[in-house]
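These notes concern the structure reproduced below.
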Amino acid sequence: MDNETFELLRESVRRFVHERLIPAEDKVEHDDEVPAGIVQEMRELGLFGLSVPEAYGGIGLSMSEEAAIIRELTRASVVFRSVIGTTVGIGSQGIVIDGTEEQKQAWLPRMASGEVGASFALTEPDAGSDAASLQTVARRDGDVYRITGTKRFITNASRAGMFTLMARSEPDVKGAGGISAFIVPADTPGISFGKPDKKMGQKGSVTCDVIFDDCVVPAANIIGGVPGRGFKTAMKVLDRGRIHIAAVAMGMCDRLIDMSLRYAAERRQFGQPIAGFQLVQALLADSKADALATEALMQSVAAKFDRGEKIGLEASALKYFSTEAVGRVADRAVQIHGGAGYMAEYKVERFYRDVRLLRIYEGTSQIQQIIIARDMLRGLDAG
Ligand code: COS
């Protein structure tokens with residue numbers, strides 16, 4: 001995208017955040033729902049199509065550009081990002097990265113317009129961090145597969161028009177090699193939903209179990225058309241998703257630092273603004289250092305991704321660092337706000353709870369550490 005058009009997009013997202021999203025934050029928290037009017041405005045802004053290539057009706061941003069827009073968007077409560085998150089990220093990218101031309105044409109334009117939401121169905125009751133141990137079965141039956149299993153904590157499941165679903169299609173192959181990624185339309189008979197999950201934070205984002213009971217899906221719906229490659233597709237999607245999550249952490253760092261700075265400058269104790277005290281300044285400075293380090297790492301990893309280079313280790317390091325960093329920033333924001341930081345009215349306690357999830361979803365901090373260390377050790381083996 002040329003610079004001028006990109007800046008226009010960034011500016012309209014910035015305006016949307018300040019004029020529409022931040023004023024709606026309390027209502028979303030209270031109602032546990034993002035208003036339909038705001039979802040519609042997100043469609044009109046093209047936010048569902050950020051990552052869909054222009055050839056398929058999207059805006060076709062590079063990863064660096066997408067990260068910048070997501071950073072802008074998540075200066076409002078991260079719940080708003082969650083509305084588009086799975087369609088822009090993990091739900092659609094399997095098709096973008098590994099899909100056949102027919103699959104791209106069939107699904108991407110409708111995702112880009114926001115007509116069809118996409119969800120990513122990998123996690124199961126007994127397969128979280130150990131994704132390759134998933135048990136959902138896809139049994140071949142002529143030209144179709146019959147899918148049976150339960151997926152857990154599936155974001156936007158109830159809003160989705162399709163699932164990118166990982167299931168075990170090769171009964172004789174254990175582990176990762178036996179898994180295929182399927183496109184499962186949400187209106188396929190046999191799909192039902194569990195109760196909406198009650199969560200620590202992120203009120204207004206929707207997650208629940210999805211139960212697939214003998215769902216019949218054409219064999220042509222295997223992403224890329226070749227069975228047994230679904231785990232790799234999921235891992236590629238997550239590599240990219242981890243850069244996107246770092247942008248979410250970045251946006252929330254910006255917001256929390258801004259709130260902390262303003263509060264410290266206004267709040268007076270001992271006859272002066274608390275920002276005048278060096279112990280408060282230390283908290284502000286540490287948060288700024290965390291944010292700048294996140295920004296630098298995010299930009300370099302996104303640029304490397306855009307150059308088509310291998311980024312597995314870097315994406316994990318970025319996700320690990322940025323989400324731990326925003327956790328520290330949120331904790332300091334509560335501390336700077338003192339008693340007010342513990343009170344719902346000031347929103348800091350809410351954001352503190354909201355960002356806790358960032359260290360868990362799309363791979364826990366501990367999984368990121370494992371990916372980083374394994375890659376380092378592989379480098380040693382290879383000499
Ligand atoms: N890109 C492409 N291929 C990849 C890959 C990546 N980033 N990571 C792994 N693979 C490939 C491997 O090369 C291997 O292929 P071969 O057998 O042909 O060599 C295959 O996938 C299996 O990889 P591996 O042996 O590393 O799998 P493990 O079972 O050891 O698991 C982890 C790897 C732990 C990294 C993986 O299960 C994971 O990321 N878990 C977290 C899941 C997650 O983030 N869940 C969040 C829910 S979705 S919001």
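Computation of the quantities below employed the complete heavy-atom set of this structure, encompassing side-chain atoms and omitting hydrogens, waters and symmetry-equivalent molecules. Read the numbers this way: they start at 1 and go in the same order the structure lists the ligands and their atoms.
For Tyr352, the OH atom is loosely surrounded, since the number of other residues' heavy atoms within 6.0 Å does not exceed 12. Within a 6.0 Å radius of CG in Leu377, other residues, nucleotides and ligands contribute more than 12 heavy atoms. Residue Phe193 places its CZ atom among more than 12 non-hydrogen atoms of other residues, nucleotides or ligands, all under 6.0 Å distant. The number of heavy atoms from other shown groups lying within 6.0 Å of NZ (Lys288) does not exceed 12.
Within the 4.0 Å heavy-atom cutoff, Arg242 counts among the residues contacting ligand 1. Contact annotation: Phe120 has at least one heavy atom less than 4.0 Å from an atom of ligand 1. Not a single heavy atom of Ile370 sits under 4.0 Å from any atom of ligand 1.
Those atoms of ligand 1 that come under 4.0 Å of a heavy atom in Gly363, given as number and element, are 43 (C), 44 (O), 46 (C). Listed by number with element, the atoms of ligand 1 under 4.0 Å from a non-hydrogen atom of Ala132 are 29 (O). Set against the non-hydrogen atoms of Leu238, the atoms of ligand 1 under 4.0 Å away are 43 (C), 44 (O). Set against the non-hydrogen atoms of Asp239, the atoms of ligand 1 under 4.0 Å away are 1 (N), 6 (C), 7 (N). Heavy-atom proximity to Ala176, at under 4.0 Å, picks out these atoms of ligand 1: 22 (C). Here is the list of ligand 1 atoms found below 4.0 Å of a heavy atom in Ile371: 35 (C). Each of the following atoms of ligand 1 lies closer than 4.0 Å to a heavy atom of Ala131: 37 (O). The atoms of ligand 1 that sit less than 4.0 Å from any heavy atom of Thr123 are 47 (C).
With hydrophobic clusters built from ILVMFWY side chains whose heavy atoms lie under 4.5 angstrom apart, Leu50 does not share a cluster with Leu238. No chain of hydrophobic side-chain contacts below 4.5 Å, direct or via other Ile, Leu, Val, Met, Phe, Trp or Tyr residues, connects Phe305 to Met235.
Counting heavy atoms from C-beta outward, Glu124 and Lys151 have side chains that approach closer than 4.5 Å.
By the definition of a contact as any protein heavy atom under 4.0 Å away, atom 46 (C) of ligand 1 is in contact. Within a 4.0 Å radius of atom 12 (C) of ligand 1, the protein contributes no non-hydrogen atoms. Not a single protein heavy atom sits closer than 4.0 Å to atom 17 (O) of ligand 1.
Of the protein's non-hydrogen atoms, the one nearest atom 21 (O) of ligand 1 is Phe231 CD2, 3.5 Å. If you check which protein heavy atom lies closest to atom 40 (N) of ligand 1, you get Ser129 O, 2.8 Å.
Compare Glu124, Lys236, Met166, Lys151 by their heavy atoms: the one nearest to atom 1 (N) of ligand 1 is in Lys236. Between Gly241, Gly312, Gly128, it is Gly128 that holds the heavy atom closest to atom 42 (C) of ligand 1. In this comparison of Lys232, Met235, Lys319, the heavy atom closest to atom 38 (C) of ligand 1 sits on Met235.
Counting only N and O atoms by type, the side chains of Thr150 and Asp209 include no donor and acceptor under 3.5 Å apart. Between the side chains of Glu324 and Ser365, at least one donor-acceptor pair of N or O atoms lies under 3.5 Å. For Gln40 and Arg43, the side-chain atoms include at least one donor-acceptor pair closer than 3.5 Å.
For Asn221 (side chain) and Val184 (main-chain N/O), no donor-acceptor pair under 3.5 Å exists by modelled atom type.
With rounding to the nearest 0.5 Å, the separation of CD in Glu41 from CD in Glu19 is 10.0 Å.
Some N or O of Arg374 is nearer than 3.5 Å to an N or O of ligand 1, by distance alone.
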